[in-house]
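Below, chain A is the first sequence line, B the second, and so on; all start at residue 1. Scope of the values below: all heavy atoms of this structure, side chains included, with no hydrogens, waters or symmetry mates.
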Amino acid sequence: DGGITQSPKYLFRKEGQNVTLSCEQNLNHDAMYWYRQDPGQGLRLIYYSQIVNDFQKGDIAEGYSVSREKKESFPLTVTSAQKNPTAFYLCASTQLGTSGGDEQFFGPGTRLTVL
Amino acid sequence: GDSVTQMEGPVTLSEEAFLTINCTYTATGYPSLFWYVQYPGEGLQLLLKATKADDKGSNKGFEATYRKETTSFHLEKGSVQVSDSAVYFCALRPTGRRALTFGSGTRLQVQP
């Protein structure tokens with residue numbers, strides 16, 4: 001089955017630690033995205049990548065880093081510089097095309113809690 | 001900048017009631033518009049979309065019409081079910097940008 005997988009589902013971090021969230025897709029999509037969701041709020045864009053070895057900052061990139069060494073993988077590292085990292089993190093992907101209605105497919109999410 | 005405004009929830013309805021969730025947007029150009037649904041503990045699923053003015057998106061009994069004159073994309077369903085209980089997000093994809101801009105979400109609770 002094609003789709004997006006995220007791991008782990010739940011992640012606990014001590015203050016001062018870096019943690020990496022995994023996102024893998026087998027949809028052969030060009031673009032991948034990371035969003036953050038806080039309770040009662042919409043999703044906010046952290047980083048996105050349209051091709052391998054290239055990525056762009058989103059609206060709230062401070063304290064996060066990403067890499068895109070392979071088309072199917074887009075891991076997100078939450079660094080100790082992120083002051084309030086407790087949130088639900090969602091990865092998405094889309095196939096770039098000429099139409100304006102490119103659907104984004106979402107993974108199941110990772111819930112990160114800082115202890 | 002681009003933004004999406006949704007009605008605040010929760011919206012509580014009885015089964016078979018009519019549903020409207022309001023969504024208005026601010027954007028330059030001609031954005032594409034989407035409704036996503038999120039069930040508890042899960043990621044988002046696309047519910048419907050519209051790519052140009054007067055387009056109507058529909059899926060699973062839900063409908064929304066792209067109204068450029070009122071910059072709105074309200075979600076409607078004629079008869080809700082308990083299984084429709086979820087959080088609904090309105091989103092837009094601005095012209096020339098690939099990432100989506102989301103509203104804050106509206107929680108729908110349907111009681112039997």
Participant: Honestly curious: do B:M7 and B:L48 fall in one hydrophobic cluster under the side-chain, below-4.5 Å linking rule?
Facilitator: yes
Participant: Consider only side-chain heavy atoms of I, L, V, M, F, W and Y, link residues closer than 4.5 Å, and tell whether A:Y89 and A:V66 are in one cluster.
Facilitator: yes
Participant: Check step by step if side-chain contact (heavy atoms from CB on, under 4.5 Å) holds for A:L90 and B:Q38.
Facilitator: CA-CA 12 Å; A:L90 287 160; B:Q38 184 179 36; 4.3 Å; yes
Participant: Does any backbone or side-chain atom of B:Y36 lie under 4.5 Å from a heavy atom of chain A? Answer side chain, backbone, both or neither.
Facilitator: side chain
Participant: Only pairs of heavy atoms separated by less than 4.5 Å count here; which of A:Q6, A:Q50, A:Q104, A:K9 has the most with chain B?
Facilitator: A:Q104
Participant: Which bit of A:L43 is near chain B, if near means a heavy-atom gap under 4.5 Å: side chain, backbone, both or neither?
Facilitator: both
Participant: If I measure from the heavy atoms of chain B, does A:D59 come under 4.5 Å with its side chain, its backbone, both, or neither?
Facilitator: side chain
Participant: Is atom NZ of B:K68 surrounded by more than 12 heavy atoms (other residues, nucleotides or ligands) closer than 6.0 Å?
Facilitator: yes
Participant: Which heavy atom of A:Q41 sits nearest to which heavy atom of B:F89, and what is that distance?
Facilitator: O-CE2, 4.0 Å
Participant: Does B:E8, at its CD atom, have more than 12 non-hydrogen atoms belonging to other residues, nucleotides or ligands within less than 6.0 Å?
Facilitator: no
Participant: Verify the cluster assignment for B:Y39 and B:L13: are they in a single hydrophobic cluster under the rule of side-chain heavy atoms below 4.5 Å apart?
Facilitator: yes
Participant: Looking only at heavy atoms, which of residues 99-112 of chain B get nearer than 4.5 Å to chain A?
Facilitator: B:A99, B:L100, B:F102, B:G103, B:S104
